[in-house]
Student: 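Here it is: the structure, laid out below.
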Amino acid sequence: MLSTILKNEKYIGDALLQKSYTIDFLTKKRIRNQGIMPQYYIKDDHEAIIPKDLFRRVQEERKRRRTGIKVPCGKTRH
């Protein structure tokens, strides 16, 4: 739950449209959009819950933690 909040742009007042799309309107089956349909990013769409600077710092920290840990001998642990 917390990781969802830390990744979702909605909490900073922005909106990413068409994250998923319907492939069959009869069965209402939806799939995640991986570049098939155009996506639209709208800034300041609504009032933010988390300040944007804090959100960006969290994204940088998440990226840093994903890259691995440097140990003194120069190798990277995963």
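Counting from 1, the numbers follow the sequence of the chain as shown.
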Student: Please go through F25's hydrophobic cluster and name the other residues, only I, L, V, M, F, W, Y counting, with side-chain heavy atoms under 4.5 Å joining them.
Tutor: L26

Student: Is there a donor in the side chain of Q59 and an acceptor in the side chain of R56, or the other way round, less than 3.5 Å apart?
Tutor: no

Student: Examine I23 and I36 and state if one hydrophobic cluster contains both, with Ile, Leu, Val, Met, Phe, Trp and Tyr joined whenever side-chain heavy atoms are less than 4.5 Å apart.
Tutor: yes

Student: Is the shortest side-chain heavy-atom distance between R66 and K63 below 4.5 Å?
Tutor: yes

Student: State whether E60 and R57 are salt-bridged, where the test is any N-O pair (Lys NZ or Arg NE/NH1/NH2 against Asp/Glu carboxylate O) under 4.0 Å.
Tutor: no

Student: Tell me, which pairs form a salt bridge (Lys or Arg N to Asp or Glu O under 4.0 Å) where one or both residues lie in residues 15-42, sequence neighbours left out?
Tutor: E9-K19

Student: Any salt bridge (Lys or Arg N to Asp or Glu O under 4.0 Å) pairs touching residues 37-51, not counting sequence neighbours?
Tutor: D44-K52

Student: Of all heavy-atom pairs between P51 and I12, which one has the smallest distance, and what is that distance?
Tutor: O-CG2, 4.3 Å

Student: Looking at every non-hydrogen atom in both residues, tell me the closest pair between F55 and L6 and how far apart they are.
Tutor: CE1-O, 3.3 Å

Student: What residues, two or more places apart in sequence or in another chain, satisfy side-chain contact (heavy atoms from CB on, under 4.5 Å) together with Q18?
Tutor: N33, M37, P38, Y40

Student: Can you tell me how far apart CD (Q39) and OG (S20) are? Round to the nearest 0.5 Å.
Tutor: 9.5 Å

